[in-house]
Amino acid sequence: MSSASSSQMGQLVADKHVRYILMAEKKKESLESVVMDHLRMNGAYWGLTTLDLLDKLGTVSEDEVVSWIMTCQHESGGFAGNTGHDPHILYTLSAVQILALFDKINILDVGKVSSYVAGLQNEDGSFSGDMWGEIDTRFSYIAICCLSILKCLDKINVEKAVEYIVSCKNLDGGFGCTPGAESHAGQIFCCVGALAITGSLHHVDKDLLGWWLCERQTKTGGLNGRPEKLPDVCYSWWVLSSLIMIDRVHWIDKAKLAKFILDCQDLDNGGISDRPEDAVDIFHTYFGVAGLSLLEYPGVKAIDPAYALPVDVINRIAFTK
Amino acid sequence: MHGRPRKASKPEDEAASAAKAVKLRSLQSQFMTYHHEKIYTKEAIELSTKLLEINPEAYTAWNYRKLAVEDSLSRIESDPNSVKSILDEELRVVENALKQNFKSYGAWHHRKWVLSKGHSSTGNELKLLDKFQKLDPRNFHAWNYRRFVVELTNRSEQDELQYTDDMINNNFSNYSAWHNRSVLLSSLLANRVDGFIPEKKIPDEYEIVHQAIFTDPDDQSGWFYHLWLLAQTVNVESPLLTSSWPSHGSSVILSGAGCLIGSPFNVITFCSETGSVPLILYFDQAVGGVSSLTVTIDSELKGNENLVWEPISNKSSQVSCVWVARLKYLISEPCESKEYKVKVRLGNSPGIISSRGFNFSTPYEFVFTAHVHDTAKDSQERIVSWTDGFELWNAQSKDLNSLATSDQLNAGIDLKWRQAAIDSEIECFRLLADSKIGKLTLARLLMASEAMMSDAVVKGVHYEEILQLYNDLMALDSSHHHYYKDEHSVAFLHKVTSSSESLSRYLFRYRGMNNLVCLRLNKLSLSRIASVEKLLFVQMLDLSHNELHSTEGLEAMQLLSCLNLSHNRIRNFSALDSLRHVKQLKVLDVSHNHIGKHSVDTTRYLCSSPLSNSDWSQDDVRRQNPGLVTKYWDAYFVLRDLNLKQLDIAGNEIAGDEFNSFVLQVVPKLVWLNGQKPGN
């Protein structure tokens, strides 16, 4: 199946999504916003990247965003999810990614941020999320992605980091959060992305993993994250980008997936939900648009499957010394 | 964020939400003050309890609680009861939080943190986990926590295996239980624990998983476990040599750059400017440690005592299925035509080890005859045509690569239980022949059966059925059409290479260049390359008019000097990355493909470049044309590493004045571009 065509299957109401994101950004005191207060940095990354993919990054105030980001930086160098919260590797990556979008990495004390991230690597190559020691391959991906953007990968032991990720490889070809943990599309994205960025994809059995991943496509056309689970738009990203990185994306029906994503839009108010007719949120709006980008949907900029940032942003960083 | 219905909010709901928001906001502010001022009074801690009850995702509150615990512990007199009661309170708060959201990372980690202190009773933990299993048997947080507790309490793998038994018997549709079972069982088998011998255990496991698959063929829970069992049945632990070039008993003519005029039709001729020829070893799995210490060359050809063996892999890997060394043959000039016997021996000294740590232990040797000729004439560059100058070649089996099953494969690898298991599975799955999983598994089983077959008479008998099964699957499960298409191409190529008769139909000699051996596989709807281990002798390959989108697999074809990929589905130069290993390649035709047509590059990270932090080298082209190098980055990195004389790129969206002139900068030694000499 070739790339999605807008005429056959409903439309991407891009303008509505842009408006939804801009309004959500302003509604800081809604219950939803207050409950997610601690991960506003992630929310900002999802919202802003979606805007850039729809070529509307110019609709936000770059200065406002950047100065708010800097208020989230801790003395340790790490970033918190919002002003006043504790630093964590999750929000450090989102902060760096947002600055990359605006081409403002230069305002950072790169040494400080990279030392915070590098300092979270453990003896066995794994990474903790913060000083409290939770270990998860999500954090391996985050560290590698973040340091690669900052061009400081040499600050960590890459070989050991790769070794730890490989130790989380399962017999079904997938990856879990720690050694022995069940394969899950989100963890697979993190591990495959980390291996991609470090030129280590030869550790992946592409055929075995490719089959596991392509079988995430359900009869609805949507993708689930593990066998016998419900489809969810966010897996349009985790599964799809993984398939693209290992060159097996042709093993799913791309047109059917595009239709599923489009059916998850709120055509009146904008935003995308996890499943058709469910409540929308920024998280799924981002993953839906990012998924459509990977499906080459017209009007959406190309996104890099490993860094989860627009290709023009990553090419700019990678090819200039 | 998941599974909430979309509905317009009524004014009453909005008011209620707004009130909740104000309340939560005030809790958060107060909490932040306590946290920043390091206040750990009973009242302050209570507030964090309330906050976490409403919002277990507030990660800073879990951090605060850890600090509060450490503060409390520092104040008491190490009285074990006080310590326990402080920590028990934490466990209670975690349990409440998990009631709100049993997938909260922060809650589960806090529990692990408490348990790790070593003062809490672990007896309750498994009971707690049973509760969560009932709520959601697929909750991976619970399963992870279970593995944590198992390690803490040293529960045996056999007991845990029994637990997965219980879970599966309760409900076979529990992928998490099957996964855990695979982890435990593979450990028990690898450690050769009492009673866990593959030939007994694997057939038992097939019985167990059948219940899952046959009860509901559409439920995926048992599929991947069954595939793993198949891999355990088919794959032998110790690495084996699948093929080599030259192959045992063959003859090859080696000459200098001038090449021979009128080289004999039936013997493979290899010409080289450097006076060296690739020796190729192809193993059945990735191995390391191939060197002149572990592979010895016995020959009168001098200068080959300490050959450098290199793995065909990307730079950061020291392991590969394919290893190459360059055998030197033009020692002195001028040299008379002479015959040399070359014996290659491996497996006599230890050192060749698979990535899983198993030794290549069976001694093996192969002998070939090299006829060395020198030429004084300079080679004449002639354009290669893909349409004229070909003659059919009726090749003898010994000239081709190990088409008969090597003795190696049969040497002491207890084939009997494996073949019996495969035969039994084939019988079972014939009963499921109407379902998708039935057909797919049957096709895989028949492929496995073919791979294990040594009897040349019966070999090849399954391929028609396998190809038909994949055709059925393309119709039955159209979403995965291209998966079955790829498998069909693989089976087709296995069939083509299964005997010298079938392969000969596609083999030719090219008169236009020294009777090069040419394999013509054009117009076969191939979407994927396979069986390369049997095609190492190929010097010219025509894959035009197929459906290929990548050259994955071709890196092993070290003798390849001419490749035709025109009229395929190549979308990027990054898809040709494997060709960077084919140092002999002089002629490449990628005309009429899709290069430049698509915004998504599916081989972006399978190509060595700064994007994958694997190729930083700067050169003049990169210094002088940074913009073009970024724009055409993959063409730059791939073409730069090839020594092409002839390239065809017409009929691709990327082709044009800008790109064509960029190509000439990157490949200055190019003689023909799109059939023309540049400058014409």
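Source: prediction; values computed, not measured. Letters A, B, ... mirror the listed sequences (proteins, then strands); counts begin at 1.
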Which residues share a ring pair (Phe, Tyr, Trp, His ring centres under 6.0 Å) with B:F140, sequence neighbours left out: A:H184

Sole residue of A:T198, A:V158, A:L153 in side-chain contact (heavy atoms from CB on, under 4.5 Å) with B:N613: A:L153

Close side-chain approach of A:I314 and B:R604, heavy atoms under 4.5 Å: yes

B:R6 side chain reached by A:P276 side chain, heavy atoms, under 4.5 Å: no

Region of A:D278 that comes under 4.5 Å of a non-hydrogen atom in chain B: both

Side-chain donor/acceptor of A:H202 to backbone N/O of B:S313, under 3.5 Å: no

Which atoms of B:R25 approach chain A - backbone, side chain, both or neither, heavy atom under 4.5 Å: both

Under 4.5 Å from any heavy atom of chain A - which part of B:S550: side chain

Near-ring test B:Y636/A:F319, centroid separation under 6.0 angstrom: no

Pick from B:W108, B:Y225, B:W143, B:W633 with the largest number of heavy-atom pairs that fall under 4.5 Å of chain A: B:W633

Lys NZ or Arg CZ of B:R444 over A:W211 ring: under 6.0 Å, within 45°: yes

Contacting moiety of B:H549, where chain A heavy atoms sit under 4.5 Å: side chain

Aromatic plane relationship, A:Y307 with B:Y605 - under 30° parallel, 30 to 60° tilted, over 60° perpendicular: tilted

B:H36 (side chain) donor-acceptor with A:G84 (main chain) under 3.5 angstrom: yes

Under 3.5 Å: donor-acceptor pair, side chain of A:D172, backbone of B:F224: no

Contact winner vs chain B - A:K206, A:M131, A:K219, heavy-atom pairs under 4.5 Å: A:K206

Engaged part of A:L208 at the chain B interface, taking heavy atoms whose separation is under 4.5 Å: side chain

A:H284 ring center within less than 6.0 Å of B:H2 ring center: yes

Flag side-chain contact, heavy atom, 4.5 Å: A:E182 against B:R138: yes

Side chain to side chain contact (heavy atoms under 4.5 Å, CB included) partners of B:H35, counting only residues at least two apart: A:D86, B:F31, B:T60, B:Y64, B:L67

